[in-house]
Amino acid sequence: MPSPSSLFSAYASMAASIMLFRSMANDLIPYPLRNYLFSTLGYFFKPRSQMLTLVIEESNGMARNQVYDASEVYLCTKISPNTERLKISKTPKEKNLTIRLEKGEKIVDFFEGVGLKWRFVCAEAEKSNNPNDPFPVRAEKRSFELSFHKKNKDLVLASYVPFILERAKAIRDERRVLKMYTLNMQNYGGMMWDSINLEHPATFETLAMDPELKNAVMEDLNRFVRRKEFYKKVGKAWKRGYLLYGPPGTGKSSLVAAMANHLKFDVYDLQLANIIRDSDLRRLLLSTGNRSILVIEDIDCSVDLPDRRNPVDGRKQPEHHVQLTLSGLLNFIDGLWSSCGDERIIIFTTNHKDRLDPALLRPGRMDMHVHMSYCNPQGFKLLASNYLGIHGYHHLFGEIEDLLKNTEVTPAQVAEELMKSEDTDVALGGLVKLLKRKKLEGDVPDDKDARSFGIQEVKRRKIEIKRKSPRFSRIKANRRRTV
Ligand SMILES: Nc1ncnc2c1ncn2[C@@H]1O[C@H](COP(=O)(O)OP(=O)(O)OP(=O)(O)O)[C@@H](O)[C@H]1O
Ligand SMILES: [Mg+2]
């Protein structure tokens, strides 16, 4: 073991040699070279940090930095109780408050077991000399710093950043205020889209329809929005068409709203009856936005759309009389409209599929035909759970389900009955009465039969059925009792 005095003398001689070396170096090596040598040696001997920091600036020269915007949205969902200062704001059109970090605030996040430290940095920026700079007089230069262990660099760049971009898109979609556009006649006679917030509460969860069909529609929509690259590859416009058909009150308009809420797409309600010329139609269609649903309700009766090339009466009609044509509409939808935008959905609704022009039903025209039908027992249970909060059993369920099996009642009629009272017995009792009444009517031949049987015969049969009904027997018995 060396003695303290020998250690001290070794240290003293080493220090003296270093001093000597330094003064020789100072005398012999020119200053710039010496500086370079020392900084290089310093670089090799400096303790290395194990951390890597990514700087995510707000703008990338001309354009905004998408990673910055996404990080801002994403980090708002990661605010911890340790955060001390936040900024909040809300514009009149926004539904929710926007929350942002304040200068210097830090956030810790974990991704696949890896710890990631975020810091929000605001620095004074020099005024830009570039006249094209989109932020020439911004006082602050904002950025996020993301620090993590160097060994996780690949994970962060290949997985974490894409994950943030995706999450931010989903969060933005969730917050997005949907718009409903309708036509508005201008003073000069032209047409314009007018928008209001779409606040229709219908969703796929609240919609009473065949579960398999519901799933098929949802799957179809999800596949459609997922397949941007596929549409590009096969050279098809990124659009999809749906034909919703069924009796009034079966939920066609509700399904449109559910689709819009599901996809977070705006809705353009095109009332064809208000449009006179193809040129107006073209202008209106071209001014619709991406990620939108174009709806043409009641296509069979909204307007009599003659086909210019195949007029109904066989004669070619003068152009100024027939300016809006079905072929004009369909060609435009198939052609220019769908190819000039992305993520377009078009929906036609009708009560009478059989009355539609064959051009609309041609294979490939509408990608999916959705039949909205009368309420069945499953649909009823969903409505009872939505409207009355009954999730399990009720003593009237059996009777209602039996009646529904052979009665044609629309979900709208069922919903109306269920809304009449908060008392479940009263509301369901009302529905039983409605179903029994409907059943009686249903047992009577319809109008078509009336024509072939003769009105008198139909009336006779109606009375006969009424007489046989339990309600009629009860009334008769009561009468007898009172007489
Ligand atoms: N399938 C359904 N599920 C849940 N609620 C429904 C359904 N169908 C109808 N309703 C209720 O009835 C109301 C009217 O329905 P909706 O306007 O969607 O019917 P529609 O098929 O578009 O009728 P129309 O052919 O007359 O336009 C809705 O607001 C909703 O409350
Ligand atoms: Mg409707």
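Computed from a prediction, not measured in an experiment: that's the story for all the values here. Order of appearance sets the numbers: ligands from 1, and atoms from 1 within every ligand.
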Using distance alone, determine whether [X] and ligand 1 share an N or O pair under 3.5 Å.
X	answer
Ala208	yes
Met209	no
Gly246	no
Ser253	yes
Thr250	yes

Return the option from [options] holding the heavy atom at the smallest distance from [atom].
atom	options	value
atom 7 (C) of ligand 1	Pro411, Pro201, Pro247	Pro411
atom 26 (O) of ligand 1	Ala415, Gly379, Pro248, Ala202	Pro248
atom 28 (C) of ligand 1	Ser254, Cys375, Gly251	Ser254
atom 25 (O) of ligand 1	Glu416, His200, Lys252	Lys252

Below 30° counts as parallel, above 60° as perpendicular, anything between as tilted: where do the rings of [X] and [Y] land?
X	Y	answer
His262	Phe204	perpendicular
Tyr231	Trp238	tilted
Tyr160	Phe163	parallel

Closest heavy-atom contact between Lys405 and Pro377?
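In this case the closest contact between Lys405 and Pro377 is CG-CG, 4.4 Å.
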
Please determine, by modelled atom types, if Thr288 and Arg344 share a side-chain donor-acceptor pair under 3.5 angstrom.
yes

Asn351, portion touching ligand 1 at heavy-atom distance under 4.0 Å:
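The answer is the side chain of Asn351.
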
Looking only at protein heavy atoms, which one is nearest to [atom], and how far off is it?
atom	answer
atom 5 (N) of ligand 1	Leu383 CD2, 4.0 Å
atom 14 (C) of ligand 1	Ala412 CB, 4.1 Å
atom 9 (C) of ligand 1	Gly249 O, 3.4 Å

Could you establish whether Tyr387 and ligand 1 come within less than 4.0 Å of each other, counting only heavy atoms on the residue side?
yes

Could you tell me whether ligand 1 has any atom less than 4.0 Å away from a heavy atom of Thr410?
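Not so, Thr410 does not reach ligand 1.
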
With a cut-off of 2.8 Å, does Ser254 place any N/O/S atom under that distance from the Mg ion (ligand 2)?
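Short answer: no, not a single N, O or S atom is under the cut-off.
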
Which distance, rounded to the nearest 0.5 Å, do you find between the CG of Leu178 and the CZ of Arg291?
10.0 Å

Backbone N or O of Thr410 within a donor-acceptor pair of the Gln413 side chain at under 3.5 Å?
yes

Give a yes or no on whether the backbone of Glu343 and the side-chain of Asn290 come within a donor-acceptor separation of less than 3.5 Å.
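Not a single qualifying donor-acceptor pair exists.
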
Evaluate salt bridge (Lys or Arg N to Asp or Glu O under 4.0 Å) for Glu297 paired with Lys252, printing each intermediate quantity in order.
CA-CA 9 Å; Glu297 292 251 35; Lys252 296 177 295 300; over 6 Å; no

I want to check something: taking the side chain as every heavy atom from C-beta on, are Glu399 and Lys436 in contact at a cut-off of under 4.5 Å?
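Side chain of Glu399 against side chain of Lys436, heavy atoms only: contact under 4.5 Å found.
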
